Amino acid sequence: MIRFFNKSFGLKYISAALLLFVPIARRLLGGAAPWAVLLFAFSDRLLWHACEAKQYSIEAFVAVLLMFVWLRSEGWPAWRRAGLLALLA
């Protein structure tokens with residue numbers, strides 16, 4: 001029963017990271033974005049870590065979240081941007 005919760009929460013974090021990864025890939029990679037999203041979605045290592053060790057899926061989610069926030073706050077002053085990222089990290 002405990003492994004079920006571990007797997008379900010790990011896969012939820014990976015799913016959330018995937019939803020944030022799509023706009024990042026579109027912004028940075030242009031036409032290659034669908035391939036990057038497919039590689040991210042079907043990464044066997046990422047899925048394995050999401051099922052076996054939940055903390056790795058949380059770290060992947062936080063890394064994608066920080067990149068998403070960094071790209072969304074591009075026009076902000078540097079001190080404000082750094083403060084927001086420091087709070088999230």
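These figures come from a predicted structure and were not determined experimentally.
- Within a 6.0 Å sphere centred on CZ of R26, heavy atoms belonging to other residues, nucleotides or ligands number 12 at most.
- V69 and L19 are members of different hydrophobic clusters when ILVMFWY side chains are connected at heavy-atom separations under 4.5 Å.
- Residues W76 and M67 share a hydrophobic cluster, clusters being chains of Ile/Leu/Val/Met/Phe/Trp/Tyr side chains in contact below 4.5 Å.
- Residue L18 is not grouped with residue L39 when hydrophobic side chains (ILVMFWY) are merged at heavy-atom distances under 4.5 angstrom, including chains of intermediate members.
- Within the model, atoms CH2 of W79 and CG of L84 stand 11.0 Å from one another, a figure rounded to the nearest 0.5 Å.
- Put simply, the side chain of L20 reaches to within 4.5 Å of the side chain of F61, judged on heavy atoms.
- The minimum heavy-atom distance linking A36 with L29 is given by the pair CB-CD1, 3.4 Å.
- Cluster annotation: L28 is connected to F21 through the hydrophobic network of ILVMFWY side chains, with a link wherever side-chain heavy atoms come within less than 4.5 Å.
- In this structure, the side chain to side chain contact (heavy atoms under 4.5 Å, CB included) partners of R72, at least two apart in sequence or on a different chain, are F68.
- Between atom CG of residue L85 and atom CG of residue L65 there is a gap of 9.0 Å, rounded to the nearest 0.5 Å.
- Distance check: I24 CD1 to W70 CH2 gives 13.0 Å after rounding to the nearest 0.5 Å.
- F40 and W35 are members of different hydrophobic clusters when ILVMFWY side chains are connected at heavy-atom separations under 4.5 Å.
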